[in-house]
Amino acid sequence: MPFTIATWNINSVRLRAPIVRKLLEEEAPDVLCLQEIKTPVEKMPDFSDLGYGHVVARGQKGYNGVAILSKLPLEDLGDRDFADLGHARHVAARLENGVAIHNFYVPAGGDEPDRAKNVKFGQKLDYLTEMRDWFRDSRPEKAILVGDLNIAPREDDVWSHKQLLKIVSHTPIEVDHLGAVQEAGSWVDVTRKDIPEGLLYSWWSYRAKDWDAADKGRRLDHVWASSDIARSGHSSRVLRDARGWTQPSDHAPVFATFDL
DNA sequence: ATGCCCGACGCAGTCGGA
């Protein structure tokens with residue numbers, strides 16, 4: 001049975017419950033992975049009336065938080081607190097077809113791309129290193145990894161490779177760390193398997209008044225699959241329209257479909 | 001630097017986002 005998965009950094013699920021509903025009604029993915037829900041799980045809005053009664057989530061007050069909403073039953077596979085930050089940045093669940101879904105919100109890393117001057121940048125690199133080690137030690141099979149990885153790895157994942165080389169999210173050291181995570185798990189970047197050429201973004205800053213015309217975006221949100229099921233992935237897309245919805249998130253949802 | 005926004009918390013202003 002084919003199923004569609006979407007990932008979306010929602011930047012407060014309570015504030016944006018109306019546009020989450022809009023996405024679920026109009027696009028009806030089987031699974032929606034959210035990041036930055038910014039709420040304890042008890043205060044998560046309920047979307048079960050739209051068919052999303054299966055929820056596996058980890059939250060905390062005010063910051064971070066990840067949730068997997070599903071039309072299909074989920075088994076909670078637990079969470080990891082990489083780099084011991086005490087943050088809700090990962091949760092995993094398994095579908096009845098055996099596919100494990102890992103939902104990540106990788107730390108943003110602050111402004112200064114130097115771990116000697118900026119603790120947050122060091123934490124981001126450490127988080128990625130611990131992800132790498134985990135996937136190296138427990139090779140993922142029948143798995144999908146999605147989320148806001150807060151890194152745009154390719155030159156055509158940003159509006160200006162040259163101008164962003166020293167900007168956190170596109171520095172070579174971050175790209176190297178993300179590449180090591182991908183290699184350790186033999187993860188396939190499904191979005192770029194489907195859309196191999198051209199500029200592609202999933203995030204546009206709130207600061208640019210006319211984000212659409214300026215189009216100075218970055219591809220921070222990713223859909224990866226373990227190599228055994230990567231070939232079943234297809235129809236990847238970014239729902240750019242959602243960035244222009246009422247009171248939007250600064251991220252747009254990224255979709256992929258798997259025939260499994 | 002894309003420009004000076006946006007959300008949580010909580011009631012003013014600070015922290016975090018990227």
Side-chain angles (χ1 to χ4, degrees), chain A residues 7-20 34-45 57-67 83 85-90 103-115 117-128 147-178 199-222 238 240 242-254:
Chain A
T7 179
W8 196 11
N9 179 320
I10 196 62
N11 187 16
S12 173
V13 70
R14 282 189 280 170
L15 186 69
R16 278 182 248 289
I19 61 170
V20 172
L34 298 172
Q35 303 85 36
E36 281 207 270
I37 62 173
K38 293 187 173 179
T39 178
V41 173
E42 317 84 75
K43 294 187 178 178
M44 268 273 292
R58 298 294 187 274
Q60 61 186 94
K61 191 177 178 179
Y63 302 103
N64 309 314
V66 286
L85 300 175
H87 296 170
R89 295 180 175 274
H90 166 258
N103 182 14
F104 277 97
Y105 174 47
V106 171
D111 285 329
E112 178 73 46
D114 179 349
R115 68 182 307 154
K117 296 178 190 166
N118 170 15
V119 173
K120 287 182 192 166
F121 193 72
Q123 290 173 340
K124 182 178 195 175
L125 298 181
D126 292 346
Y127 192 97
L128 292 161
D148 177 4
L149 304 185
N150 266 318
I151 296 171
R154 293 174 26 153
E155 293 192 16
D156 52 4
D157 290 337
V158 294
W159 65 275
S160 169
H161 170 61
K162 222 172 180 177
Q163 286 176 257
L164 290 171
L165 270 171
K166 293 179 179 174
I167 302 301
V168 172
S169 73
H170 192 61
T171 64
I173 190 167
E174 290 169 85
V175 173
D176 285 351
H177 276 63
L178 189 67
L199 300 173
L200 188 65
Y201 314 136
S202 64
W203 173 87
W204 295 262
S205 173
Y206 284 126
R207 292 192 187 185
K209 283 281 182 221
D210 194 348
W211 68 274
D212 194 29
D215 201 21
K216 292 180 172 175
R218 307 176 200 170
R219 189 171 70 100
L220 304 178
D221 302 277
H222 298 266
V238 176
R240 183 182 171 117
R243 180 62 178 81
W245 290 352
T246 306
Q247 202 168 24
S249 168
D250 45 357
H251 294 253
V254 181

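Labels below follow one simple rule: chain letters A, B, ... track the order of the sequence lines, proteins then strands, and each chain is numbered from 1. All heavy atoms count here, side chains included; hydrogens, waters and symmetry mates do not.
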Quick tally for nucleotides 9-18 of chain B: nucleotides whose base has a protein heavy atom under 4.0 Å get B, sugar-phosphate-only ones S, the rest -, giving SS-----SBB
Salt bridge (Lys or Arg N to Asp or Glu O under 4.0 Å): which pairs involve residues 202-215 of chain A, sequence neighbours left out?
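Listed once each, the pairs are Asp212(A)-Arg240(A), Asp215(A)-Arg240(A).
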Find the distance [X]:[atom1] to [N]:[atom2] and express it as a whole number of Å.
X	N	atom1	atom2	answer
Ile37(A)	dA8(B)	CD1	P	12 Å
Trp211(A)	dC4(B)	CH2	C1'	20 Å
Lys216(A)	dA1(B)	NZ	P	11 Å
Gln247(A)	dC6(B)	CD	P	9 Å
Gln35(A)	dA8(B)	CD	P	16 Å

Go through the structure and list residues passing side-chain hydrogen bond (donor to acceptor under 3.5 Å, both in side chains) with [X], not counting sequence neighbours.
X	answer
Arg16(A)	Tyr206(A)
Asp156(A)	Arg154(A), Arg192(A)
Tyr105(A)	Glu36(A)
Asp221(A)	Ser202(A), His251(A)

For [N] versus [M], give the span between their [atom1] atoms, rounded off to a whole number of Å.
N	M	atom1	result
dT2(B)	dA8(B)	C1'	23 Å
dC6(B)	dA18(B)	C1'	12 Å
dG10(B)	dC15(B)	P	15 Å
dC4(B)	dG17(B)	C1'	14 Å

Between Phe121(A) and Glu112(A), which heavy-atom pair has the shortest distance, and what is it?
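The pair with the smallest heavy-atom distance is CB-O, 3.6 Å.
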What nucleic acid atoms does Trp159(A) come within less than 4.0 Å of, heavy atoms only: base, sugar-phosphate, or nothing?
sugar-phosphate
